[in-house]
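Inspection log for the structure reproduced underneath, given as structure tokens.
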Amino acid sequence: MLLTTVLCLAGAVMPDDAETWMPDAAVDSADVAWMITATIFVLMMTPGLSFFYGGMVGKKNVISTILQSFIAMGVVSVVWVVVGFSLSFGSDIGGVIGNPFDFFMFKGVGAKTDAALAPTIPLALFALFQMKFAIITPSLITGSFAERVKFSAYLVFMILFCLFIYCPLAHCTWHPEGLFRQWGVVDFAGGIVVHASSGVAALAGALFLGRRVQREHSDAPANIPYVVLGAAMLWLGWFGFNAGSSLHADAVAVKAFLNTNTACATAMLTWLFFDALMGRKASAMGAAVGAVVGLVAITPSAGYVSVGQSFFIAFLTALICNCACHWSDNSRRLDDALDVFPTHGTGGIVGTVLTGVFISEGLLSGTWEGFIVFLMHLLALGLVVGYTFVMSMLLYWVVNKMIPMRVSAHSELVGLDVSQHGESYNFADAEDPDDQGEMDY
């Protein structure tokens, strides 16, 4: 509250520069219209994720799980305006981070274009589009430690994750002078920056917090229709996520749109058919998860590969992620509650590897240069996985020293809806809201 107050008071005496919002002749109206639409679509993905995750947990943790995603729209938006955008897209420092003072408090971020970052749309619109990616990334992590994380500790971790993991990875991958970009590594819409990073951080979180008190006796999913609704919102929003990453209303955006829909549909069917071959029933949960895996898989290559290749990428990734999910479910050590690493982490990693294979300058080009580009993708992935895992573990440890990250056993049994928020999911016959547990704020 103190920090928010200081920021707001400081903002009151920080007027716009006179030229910040002056019209720019380089702005393309069609690109602006499309990018505003795409930005709205990407923001809608976070409420979609709220329903997707919220329906999967037990009835005592629906509200807390939904809020953990929803609150990111507030926290990360503020962090991004203050310093996140500057760290990600400010002038390059060593290929790994941006100058935090370039766009501090969105200084100079307005109607003017930027030839290197967004040549046909206002820099403010580019910053808003990128903000939505920063919002959903920590939201994805929450599924791994669902039903046992303390809300206040999660808020602190989310801020630190954005500053020390997301922003450096975004700079390395998407800034014109970023380290991975200079190596020839391509990530069209976030296979590395969003999905691999969130999946690996989720794996670290599941290991750090440990298993749920009653994992084997956890409640059944509270609301599977919520899961399907969330997946549908993600499917729709992902068109902005992938097609919007073209940054233009052009053929590349249409190609990304086509590949995104094709991969999503293919992975959903593959997941269900593979389940049937393994003797499992075709489930709504499986269809929803399979669809999301297809979206994750095509994200790093959506604007680069052919529609035929999008079929293969989705097919192979769905098979690998399906096996990973069932391995995770049977693991005696790992308790990744909503299979974040087996779906988002594994999907992002496999999708990035296949990007290095299928892009025109990649492995299938049959040239030595293509082999080098493929190796650079593998090297970048290795660095991302290693850095994210180690840094996440460090951040969990630091936050845990400040605020215990895990709620008490009693609060976990009561449920986070009641113990953390004093609310209950009444439509699912939740515990009596008068039973406040220990109220672990």
request  = May I have the step-by-step check of side-chain contact (heavy atoms from CB on, under 4.5 Å) for V149 and Q68, ending in yes or no?
outcome  = CA-CA 10 Å; V149 69; Q68 285 167 15; 3.5 Å; yes
query = Do D336 and S328 pass the side chain to side chain donor-acceptor pair (under 3.5 Å) test, and can you show the C-alpha distance, the side-chain angles, and the key distance before you say yes or no?
reply = CA-CA 7 Å; D336 186 341; S328 177; 5.1 Å; no
inquiry  = Using side-chain contact (heavy atoms from CB on, under 4.5 Å), reason through R333 and L207 one step at a time and then give a plain yes or no.
reply    = CA-CA 8 Å; R333 171 164 172 72; L207 291 172; 3.9 Å; yes
message = Could you go through Y304 and F188, starting from their C-alpha distance and side-chain angles, then the distance that decides it, and tell me whether this counts as ring pair (Phe, Tyr, Trp, His ring centres under 6.0 Å)?
response = CA-CA 8 Å; Y304 305 127; F188 191 76; 5.2 Å; yes
request  = Step by step, work out the ring pair (Phe, Tyr, Trp, His ring centres under 6.0 Å) result for F133 and F241.
outcome  = CA-CA 8 Å; F133 286 70; F241 198 80; 4.4 Å; yes
key: Stepwise side chain to side chain donor-acceptor pair (under 3.5 Å) test for S86 and D102   = CA-CA 6 Å; S86 199; D102 280 1; 5.4 Å; no
task = Could you please spell out the steps behind the side-chain contact (heavy atoms from CB on, under 4.5 Å) verdict for Y154 and L67?
result = CA-CA 11 Å; Y154 160 67; L67 181 59; over 6 Å; no
key: I192/H377 under side-chain contact (heavy atoms from CB on, under 4.5 Å): CA gap, chis, key distance, verdict   = CA-CA 10 Å; I192 293 175; H377 280 75; 5.7 Å; no
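Residues T113 and A118 approach most closely at CB-O, 3.5 Å, considering heavy atoms. Between R181 and W174, the closest heavy-atom pair is NH1-O, 2.7 Å. Between P176 and A116 the shortest heavy-atom distance is CG-O, 3.7 Å. Minimum heavy-atom separation, L416 to S64: CB-OG, 3.4 Å. Counting all heavy atoms, side chain and backbone alike, A291 lies closest to C264 at O-SG, 3.4 Å. For the residue pair V399 and V156, the shortest heavy atom distance occurs at CG2-CG1, 3.9 Å.
Under the 3.5 Å distance criterion, the side-chain polar atoms of S411 are left unmatched by any main-chain donor or acceptor of S419. Of the possible donor and acceptor atoms, one in the side chain of W80 sits under 3.5 Å from a partner among the backbone N and O of A127. A donor-acceptor pair is defined here as one N or O able to donate and one able to accept, closer than 3.5 Å; no such pair exists between the side chain of D17 and the backbone of K107. Between the T142 side chain and the P138 main chain, no donor and acceptor come within less than 3.5 Å of each other. Proximity of a side-chain donor or acceptor of N400 to a complementary backbone N or O of P404 within less than 3.5 Å is not detected. In terms of modelled atom types and a separation under 3.5 Å, the side chain of D16 and the main chain of W21 share no donor-acceptor contact. In this structure, the side chain of H175 engages the main chain of G90 through a donor-acceptor pair within 3.5 Å. Side-chain atoms of D31 never come within 3.5 Å of backbone atoms of T120 as a donor-acceptor pair (strictly under, hydrogens ignored). Panel note: side chain D114, backbone L123; no donor-acceptor pair is recorded below 3.5 Å. Judged purely by atom type and a 3.5 angstrom limit, K60 uses its side chain to pair as donor or acceptor with the backbone of L413.
Atom SG of C172 sits about 12.0 Å away from atom CG of D187, to the nearest 0.5 Å. The CZ atom of F208 lies 12.5 Å from the OG atom of S144; values are rounded to the nearest 0.5 Å. For the atom pair OG of S91 and CD1 of I93, the computed distance is 6.0 Å after rounding to the nearest 0.5 Å. Distance check, rounded to the nearest 0.5 Å: CG of N61 to CD1 of I66 gives 11.0 Å. Residue S198 holds its OG atom at 9.0 Å from CD1 of I136, rounded to the nearest 0.5 Å. The OG atom of S88 lies 9.5 Å from the CG atom of L163; values are rounded to the nearest 0.5 Å.
Aromatic ring pairs are classed by plane angle as parallel below 30°, tilted from 30° to 60° and perpendicular above 60°; the pair F51 and Y226 is perpendicular. A parallel orientation is assigned to the rings of Y396 and F157, their planes being inclined by less than 30° (bins at 30° and 60°). Relative ring orientation between H195 and W238 is described as parallel, the plane-to-plane angle staying below 30° on a 0-90° scale split at 30° and 60°.
Salt bridge annotation for R212-D335: present, with a cationic side-chain nitrogen under 4.0 angstrom from a carboxylate oxygen.
Side-chain contact between P100 and F85: absent, with no pair of heavy atoms (C-beta onward) separated by less than 4.5 Å. Between F257 and N242 the shortest side-chain heavy-atom distance does not fall below 4.5 Å. For the pair M56 and T65, the minimum side-chain heavy-atom distance is 4.5 Å or more. Within the 4.5 Å cutoff, side-chain heavy atoms of H410 are placed close to those of V414. Taking 4.5 Å as the limit, every side-chain heavy atom of F129 sits out of range of all side-chain heavy atoms of I121. With contacts defined as side-chain heavy-atom distances shorter than 4.5 Å, the pair T137/V193 does not qualify. The shortest distance between side-chain heavy atoms of P168 and L87 does not fall below 4.5 Å. Looking at heavy atoms from C-beta onward, V292 lies out of side-chain contact with T343 at the 4.5 angstrom threshold.
A side-chain donor-acceptor contact under 3.5 Å links N223 and Y425.
Under a cut-off of 6.0 angstrom, the local environment of CZ in F70 is sparse, with at most 12 non-hydrogen atoms contributed by other residues, nucleotides or ligands. No more than 12 heavy atoms of other residues, nucleotides or ligands sit less than 6.0 Å from atom CD of E19. Counting heavy-atom neighbours within 6.0 Å of F126 CZ, excluding the residue itself, gives a total above 12.
Here F89 and H171 keep their ring centres 6.0 angstrom or further from each other.
Considering only residues two or more places apart in sequence or on other chains, T37 meets the side chain to side chain contact (heavy atoms under 4.5 Å, CB included) condition with W34, F41.
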